[in-house]
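Atoms considered below: every heavy atom in the structure, side chains included; atoms not considered: hydrogens, waters and symmetry mates.
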Amino acid sequence: MRLLGKLGLAAVACLLWASSASADTTVKWLHIEVNPAQVKIWEEVARSYEASHPGVKVEMQFLENEAYKAKLPTILQSKDRPHIIYSWAGGVLKTQIEAGVLEDITDSVRSGGYSDTIAPAALAAFTSNGKVYGLPTALSQVGFLYNKDLMAKGNVDASKIKTWDDLLGAVKTLKAAGVTPIVVGGADKWPLHFYWTHLAVRVGGKPAFDAALKGENGGFAGETFQKSGELFKQLVDLQPFQNGFLGFKNPQAVGYFGDGKAAMILAISSFYHTQRALAADKVGLSDDKLGWFDFPVVPGGKGEPSDTLGGITGWLITKGAPKEATDFLKFFISKDVQARLAAGNFIVPVVKGGEAGLNSAFMKQIAANLAKSNYHQNFYDQSLGPSVGRVVNDVTAEIAGGSMSPQDAAKAIEAAYKQGN
């Protein structure tokens, strides 16, 4: 790991943590959430915790998504590191555990039956070798959000997009009608990896991913992953994305969709809400203008139509954090708070009973999809760890940009995976 010198670390620490108000204990909480409506609820929960825990201050700090990923390894080496950090679990979490920068909070999580309130699969994502290092907060699904008005303008019926060929046909029809079919934040690369990854889920299903992890059937250079790249290239060759898509950051792309400038966006389900926050008018597309369809199936594919791609996101406790940090996290990830966030359509809850707060048809549908999914694949760029994940994102962007073949992309991912394992 490349580290900054003492001066650099101090600068990062000073940047992140301004001097705190007087308190016996300050819990430092670093997040990446851009939606002010959700952050407002978080702040209210933090103030509520402070009110019932005199002498404890919860200090929230924000870092933009890509900056967070880039700076976190250095931040975690600082003596003034935050106590609670955002996590997508997967291989990045494994790397952090191996680096010794996380706190084992197993006893606290299991005391009083608290762990029994969390969905087992979600809690397992933050557990390694029987030790718990953090808590999940939400599940998400990747699929297509679409603009009903633009689909109608292009004479496309989104309810009939079931197969990959259906999607390709819709793109051609929309382009012929002068409608930009899809917007994507290509500069951040990871939004493009959703296509290649989800195609792998559809083509090979869980068996293909599990086999690749074991180096079987050619690993990530095998038939499933080359086929996924070839199908993605079919889409890319139609030029479905907005002009200059490789220069768009994801927040810009989500805002572009919220502004009604593209018919579709392959999105994390949480974009349902963030498209409003990132739209120029801060209103975005209302429910009556917004639709969703699951990622299309691939004829002959071995994946089940109910298989999902998405995230299990949550929070980790860093090494040496005060016990109040874990106590606050348990307070934050509770049925009442989860129900409140669900009621705002911000999350699909992981705490039992939290789903009672869901009140939008959209979020209820996502929750139902996740409930019936027997294979929920975590994002590859998280699941495979930072070094391999970076290659996945890079080569997917290169396929999209026309500078790498699907075959070479799959081989590059396999080479990176072999090197790291």
Side-chain angles (χ1 to χ4, degrees), residues 65-66 69-70 90-92 142 144 164-165 167-168 171-172 175 180-204 208-209 211-213 215-250 252-253 262 264-267 295-296 298 301 303 309 377-421:
N65 183 78
E66 294 305 305
K69 291 178 182 177
V92 175
V142 168
F144 280 94
W164 186 246
D165 284 342
L167 178 66
L168 299 181
V171 166
K172 293 174 186 175
K175 285 189 64 119
T180 298
I182 306 173
V183 61
V184 68
D188 283 336
K189 300 182 180 180
W190 58 262
L192 286 165
H193 112 286
F194 288 166
Y195 288 91
W196 182 82
T197 307
H198 220 320
L199 283 164
V201 170
R202 292 288 185 253
V203 172
F209 184 72
L213 292 177
E216 298 171 357
N217 304 329
F220 288 101
E223 182 181 355
T224 288
F225 304 98
Q226 291 197 31
K227 177 70 172 175
S228 301
E230 290 165 4
L231 292 171
F232 180 42
K233 188 174 184 300
Q234 288 181 355
L235 176 66
V236 168
D237 287 347
L238 297 179
Q239 298 183 333
F241 305 124
Q242 80 279 17
N243 290 333
F245 71 94
L246 288 173
F248 273 60
K249 303 283 279 183
N250 185 64
Q252 182 184 2
M264 296 177 277
I265 182 170
L266 184 56
F295 195 89
V298 174
L309 172 72
Q377 174 59 54
N378 194 4
F379 305 122
Y380 273 29
D381 62 342
Q382 297 300 324
S383 186
L384 296 176
S387 58
V388 183
R390 194 176 306 114
V391 174
V392 171
N393 292 343
D394 286 347
V395 301
T396 308
E398 291 200 46
I399 293 174
S403 58
M404 182 175 278
S405 72
Q407 292 73 26
D408 286 343
K411 290 175 184 175
I413 295 167
E414 173 62 10
Y417 184 72
K418 275 186 175 177
Q419 185 175 354
N421 291 272

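- In plain terms, the two heavy atoms of Leu238 and Gln234 that are nearest each other are CG-O, 3.5 Å.
- When the shell of 6.0 Å around CD of Glu223 is examined, it contains 12 or fewer heavy atoms from other residues, nucleotides or ligands.
- Note that CD1 of Ile399 is 10.0 Å distant from CG of Leu192, once rounded to the nearest 0.5 Å.
- Across Glu414, Lys418, Lys411, a single residue satisfies side-chain contact (heavy atoms from CB on, under 4.5 Å) together with Phe220, and that is Glu414.
- Separation of atoms OG1 (Thr180) and CD (Gln239) is listed at 12.0 Å; rounding is to 0.5 Å.
- A donor-acceptor pair is defined here as one N or O able to donate and one able to accept, closer than 3.5 Å; such a pair exists between the side chain of Arg202 and the backbone of Pro296.
- Here Leu235 contributes atom CG and Trp196 contributes atom CH2; the two are 16.0 Å apart, rounded to the nearest 0.5 Å.
- Test Val92, Val391, Leu213 against Leu384 for side-chain contact (heavy atoms from CB on, under 4.5 Å) and you get one pass: Leu213.
- In terms of heavy atoms, Ala253 sits closest to Gly185 at CB-N, 3.4 Å.
- Remark: Asp237 CG is packed, more than 12 non-hydrogen atoms of other residues, nucleotides or ligands lying under 6.0 Å away.
- Other residues, nucleotides and ligands contribute at most 12 non-hydrogen atoms within 6.0 Å of the NZ atom of Lys233.
- The minimum heavy-atom distance linking Asn378 with Ser383 is given by the pair O-CB, 4.0 Å.
- By the 4.5 Å heavy-atom criterion applied to side chains, Phe144 and Phe295 are counted as neighbours.
- For Lys249, the NZ atom is densely surrounded, since the number of other residues' heavy atoms within 6.0 Å is greater than 12.
- Ring to ring, Trp164 and Tyr195 are not that close: their centroids are 6.0 angstrom or more apart.
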- request: May I have the step-by-step check of side chain to side chain contact (heavy atoms under 4.5 Å, CB included) for Val203 and Leu231, ending in yes or no?
  value: CA-CA 10 Å; Val203 172; Leu231 292 171; 3.9 Å; yes
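- Using a 4.5 Å heavy-atom cutoff, the side chains of Asn250 and Asn65 are not in contact.
- Between Phe241 and Phe248, the distance separating the two ring centers is not shorter than 6.0 angstrom.
- Inspection of the Asp381 and Asn393 side chains reveals an N or O donor paired with an N or O acceptor under 3.5 Å.
- The two atoms that bring Val201 and Gln377 nearest to each other are CG2-CB, 4.0 Å, heavy atoms only.
- Between the side chain of Gln226 and the backbone N or O of Pro406 there is no donor-acceptor pair closer than 3.5 Å.
- At a threshold of 4.5 Å between non-hydrogen side-chain atoms, the residues Lys175 and Pro240 do not count as touching.
- Although no hydrogens or angles enter the test, the distance criterion places a donor-acceptor pair under 3.5 Å between the side chain of Ser228 and the main chain of Ala200.
- Taking the six-membered ring where tryptophan is involved, the planes of Phe209 and Tyr380 are tilted, since the angle between them lies from 30° to 60°.
- Screening Leu167, Val171, Leu168 for a side-chain contact (heavy atoms from CB on, under 4.5 Å) with Pro181, the sole residue that qualifies is Val171.
- Atom CD of Gln407 sits in a crowded spot, with more than 12 heavy atoms from other residues, nucleotides or ligands closer than 6.0 Å.
- Between Val184 and Leu266, every side-chain heavy-atom pair lies at or beyond the 4.5 Å cut-off.
- How far CG of Leu309 is from CZ of Phe379: 6.0 Å, rounded to the nearest 0.5 Å.
- Between Lys189 and Asp394, at least one side-chain nitrogen of the basic residue sits less than 4.0 Å from a carboxylate oxygen of the acidic one, meeting the salt-bridge criterion.
- Salt bridge present: Lys69 and Glu66 bring a charged side-chain N and a carboxylate O closer than 4.0 Å.
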